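Here's the structure, in structure tokens; my notes come after.
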There are 2 protein chains.
Amino acid sequence: MANTTNISAEALADIDQLDGPLSQRVYTALRDAILDMKLVPGTVLRKAAICEQFGVSRSPVADALTRLSGDGLVDVIPQSATRVTRFSLDEIREECFLRDAVEVAAVKRVAATRTHDQILQLKRNVHLQKLLVEDEDFHGFFEADEAFHKMLLEFTGFRSVAAIAGQLALQLRRVRMLVLPKAGRPAETLAEHAAILDSITDQDPQAAAKAMRYHLAQLINRIEPLERQHPDFFC
Amino acid sequence: MANTTNISAEALADIDQLDGPLSQRVYTALRDAILDMKLVPGTVLRKAAICEQFGVSRSPVADALTRLSGDGLVDVIPQSATRVTRFSLDEIREECFLRDAVEVAAVKRVAATRTHDQILQLKRNVHLQKLLVEDEDFHGFFEADEAFHKMLLEFTGFRSVAAIAGQLALQLRRVRMLVLPKAGRPAETLAEHAAILDSITDQDPQAAAKAMRYHLAQLINRIEPLERQHPDFFC
DNA sequence: CGATCTCAACTGACATGTTAGTTGACAGGT
DNA sequence: ACCTGTCAACTAACATGTCAGTTGAGATCG
């Protein structure tokens, strides 16, 4: 088994410059590392190693791993090991279905209720995306992309719907990082975002729903070929 | 503060006739007790008391509480206390929005793809509901109600979408227990379920979506007056 | 009598010792 | 060469001891 990483790399190291309980900090650090694919699927997480890395005892680490397990980001094999969950095409398809359901419903609502200020914020974000595409700043674009979708969820008027929906699609967020760097994809994404924004501006919920549905469909189309490219990330 | 229950009642006690790790069993027992409203919102959960109840040490209990916190079923006040989360009308409205988005999308899909066997299973379930309404078996009806919605989610063809969606609306499940015993509501619910089933049988996704949307809207309508009736359950 | 300050008791957070289950390498037999 | 049974090393799970922050009752002061 050469391709299953056994050592939790130094690359994750986020030292304790955060606040709050220790277990929370450990959780956040590990979570971010997993979501950013710094800890690739299949990586074995050893409690002892993590304790050493952060200079804490096993309690907060165990606590953090329990939470990550609840998020579906790690698989705990009882009495044996804990590893970063691999992708499952079936599960990804399910999350796409759910994400589609939620985000299409959200964009419909926002198209109907949008305020002038909300349009402005979205326009600003899309403009930023344009600049980032031109600069070929993939990482920056990824963040702006996320912010765009998050904004739409928040503009439903439901304060924490963005948080819950975000939690729901944690796996998807990881895969998107693999999809984005494909040549030309950021530019296409930008165009799709612009189309969504136009429909919202026109207060046309049906058109907005259609644009969003098309946009989200692009993701699953691009994920499926990925299994051949990174076979060790899938189970 | 007389109305905040301070003692975790015996009523929860599910002894260790389950299998798996201890922490899992404790988690399940507490979770079920909370979802069945045997532990009412606001109840303070004392680690020591729970340890005694189950005859285990603090580790598995702490583990279980961490998971429950992740599910949003308990609030942990650092260094102070852990209590069963109270209802928040805002959050409930958000969960209704999400549940609507997901279940309407699901029922649309099922209406389009349903097989003969699936129709049969749904018919059987609705028939069972009818019998339970006639017998005024509220608890049984509640379970059949849940099973009906779960079936619809499973019939999307996405195996675990029911699990994820169920996780999403844990709070709602609690409130539904308060709403159901209202006079006449089970019979109405039954009729709404039947309407949904009819639309699915007719392979009419739009009608099914409309019927589902109407059905789900009844819940939020009935929750809002509830705040006056059980003020100590809300925050 | 009322507002505030103090302190003891209680709670969860964390550290660490112990136990039991799993795994994989290796020896021995086929 | 291959299958198999054994066993040692490793892991997560669990128990328990310690610490620090919170809380609320009662003492103290205005």
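Predicted, not measured: the structure shown is a model, and the values here were computed from it.
- Within the 4.5 Å cutoff, the side chain of B/Arg25 has no heavy atoms near those of the B/Phe54 side chain.
- Across the protein-nucleic acid pair, B/Glu52 atom CD and D/dA15 atom P stand 14 Å apart, rounded to whole Å.
- The base of D/dG17 lies close enough to the side chain of B/Arg58 for a donor and an acceptor atom to sit less than 3.5 Å apart.
- Ring planes of B/His215 and B/His193: perpendicular class, angle over 60° (limits at 30 and 60°).
- Look at B/Lys47 and you'll find a side-chain N or O under 4.0 angstrom from OP1 or OP2 of C/dA13.
- Remark: B/Ile164 CD1 to B/Leu168 CG distance equals 9.5 Å, nearest 0.5 Å.
- With values rounded to the nearest 0.5 angstrom, B/Thr43 atom OG1 is found 9.0 Å from B/Met37 atom CE.
- The nearest whole Å value for the distance from the CZ atom in B/Arg46 to the C1' atom in D/dT22 is 14 Å.
- Taking the side chain of B/Pro60 as heavy atoms from C-beta on, and the options C/dA13, D/dA12, D/dA15, the nearest nucleotide is D/dA15.
- Look at CG on B/Leu45: it is 13 Å from C1' on C/dT11, rounded to the nearest Å.
- OP1 and OP2 of D/dA13 both lie 4.0 Å or more from every side-chain N or O belonging to B/Ser23.
- Rounded to whole angstrom, the span from the CG atom of A/Asp75 across to the P atom of D/dA12 amounts to 13 Å.
- Distances from the side chain of B/Gln79 to the nucleotides C/dG21, C/dA15, D/dG21 place D/dG21 closest.
- We find that CZ of A/Arg25 is positioned 12 Å from C1' of C/dA13, with the value rounded to whole Å.
- Which of C/dG12, D/dA13, D/dA15 sits closest to the side chain of B/Ser57 comes down to D/dA15.
- Look at CG on B/Asp63: it is 15 Å from P on C/dG12, rounded to the nearest Å.
- Checked by distance alone, A/Ser59 brings no side-chain donor or acceptor within 3.5 Å of a matching partner on the base of C/dA13.
- As judged by a 4.0 angstrom heavy-atom cut-off over every strand, B/Ser80 is placed among residues touching the sugar-phosphate backbone only.
- Applying the salt bridge (Lys or Arg N to Asp or Glu O under 4.0 Å) test between B/Asp36 and each of B/Arg31, B/Arg173, B/Arg174, B/Arg176 identifies B/Arg173 as the sole match.
- To the nearest angstrom, P of D/dT18 lies 20 Å from CG of A/Leu22.
- For the pair A/Phe54 CZ and C/dC14 P, the interatomic distance rounds to 14 Å; values are reported in whole Å.
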